[in-house]
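Quick note: residue numbers are just sequence positions, from 1. Heavy-atom basis, side chains included; hydrogens, waters and symmetry copies ignored.
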Amino acid sequence: MKLALARAMLQTADILLMDDPTNHLDVKNVAWVVDYIQNLTDVTCMIVSSNPTLLQTCCSRIVHIDNLRIHNFKGGLSEFVEAHPEAKSYFELKSAKGLQFRFPDPGFIEGVTSRGKVLIKMD
């Protein structure tokens with residue numbers, strides 16, 4: 001991601017399409033990306049991100065797809081969530097009611113022929 005951002009900076013692009021630009025970055029580099037995006041002039045950035053802080057800080061318009069229609073909302077992420085409360089569940093796992101994770105029972109480990117010796121105890 002850092003190399004792609006550096007290449008875009010050197011090309012002086014008019015439009016930046018960013019797909020989760022803060023993914024796999026540490027806190028210091030996330031802050032740098034946010035600062036870089038905020039200081040851009042005469043550049044349009046289209047950002048797809050799961051980072052609500054980045055979206056709130058850097059976005060002035062939200063493009064939302066609902067029922068196969070594109071809706072353009074002027075304002076930041078917090079204003080969009082106020083206008084569309086169902087969008088809160090996109091960014092908060094706790095707002096999904098009744099959500100339960102179920103993991104399958106672990107199978108046998110490949111190459112192990114004995115069932116008598118415990119390899120790992122799972123509670």
**Prompt:** So if you build clusters from Ile, Leu, Val, Met, Phe, Trp, Tyr with side-chain heavy-atom gaps below 4.5 Å, do Leu54 and Leu17 land together?
**Reply:** no
**Prompt:** Given the rule that I, L, V, M, F, W and Y join up when any side-chain heavy atoms are under 4.5 Å apart, are Met46 and Leu16 in one cluster?
**Reply:** no
**Message:** For a 4.5 angstrom cut-off between non-hydrogen side-chain atoms, does Ile65 reach His71?
**Reply:** no
**Prompt:** Does any non-hydrogen side-chain atom of Val63 lie less than 4.5 Å from one of Ile70?
**Reply:** yes
**Item:** Close side-chain approach of Asp26 and Asn29, heavy atoms under 4.5 Å
**Value:** yes
**Prompt:** Are Thr57 and Gln38 side-chain neighbours, meaning at least one heavy-atom pair lies under 4.5 Å?
**Reply:** yes
**Request:** Give the minimum heavy-atom separation between His84 and Phe73, together with the two atoms involved.
**Result:** NE2-CD1, 4.4 Å
**Asked** Do the two ring centres, one from His64 and one from Phe80, sit under 6.0 Å apart?
**Response** yes
**Item:** Donor-acceptor pair, side chain of Asn67 and main chain of Arg69, under 3.5 angstrom
**Value:** no
**Request:** Kindly indicate whether the side chain of Ile37, heavy atoms from C-beta on, has any atom under 4.5 Å from the side chain of Ile47.
**Result:** yes
**Message:** Closer than 3.5 angstrom, by distance alone: can the side chain of Asp35 be matched with the main-chain N or O of Ala31 as a donor-acceptor pair?
**Reply:** no
**Request:** Please examine the side chains of Ser49 and Thr22, heavy atoms only from C-beta on, and report whether any two atoms are closer than 4.5 Å.
**Result:** yes
**Prompt:** Where the side chain of Gln56 meets the backbone of Gly76, is there a donor-acceptor pair that is under 3.5 Å apart?
**Reply:** no
**Prompt:** Taking it one step at a time, do Val48 and Met18 satisfy side-chain contact (heavy atoms from CB on, under 4.5 Å)?
**Reply:** CA-CA 6 Å; Val48 176; Met18 299 181 166; over 6 Å; no
**Message:** Between Leu25 and Val33, is there a side-chain heavy-atom distance shorter than 4.5 Å?
**Reply:** yes
**same_hphob_cluster(Leu55, Leu40) at 4.5 Å side-chain heavy-atom cutoff** = yes
**Prompt:** For Gly75 and Ile62, which heavy atoms make the closest approach, and how far apart are they?
**Reply:** O-CG1, 3.7 Å
**Message:** Would you compute the distance between atom OH of Tyr36 and atom SG of Cys58 and round it to the nearest 0.5 angstrom?
**Reply:** 12.0 Å
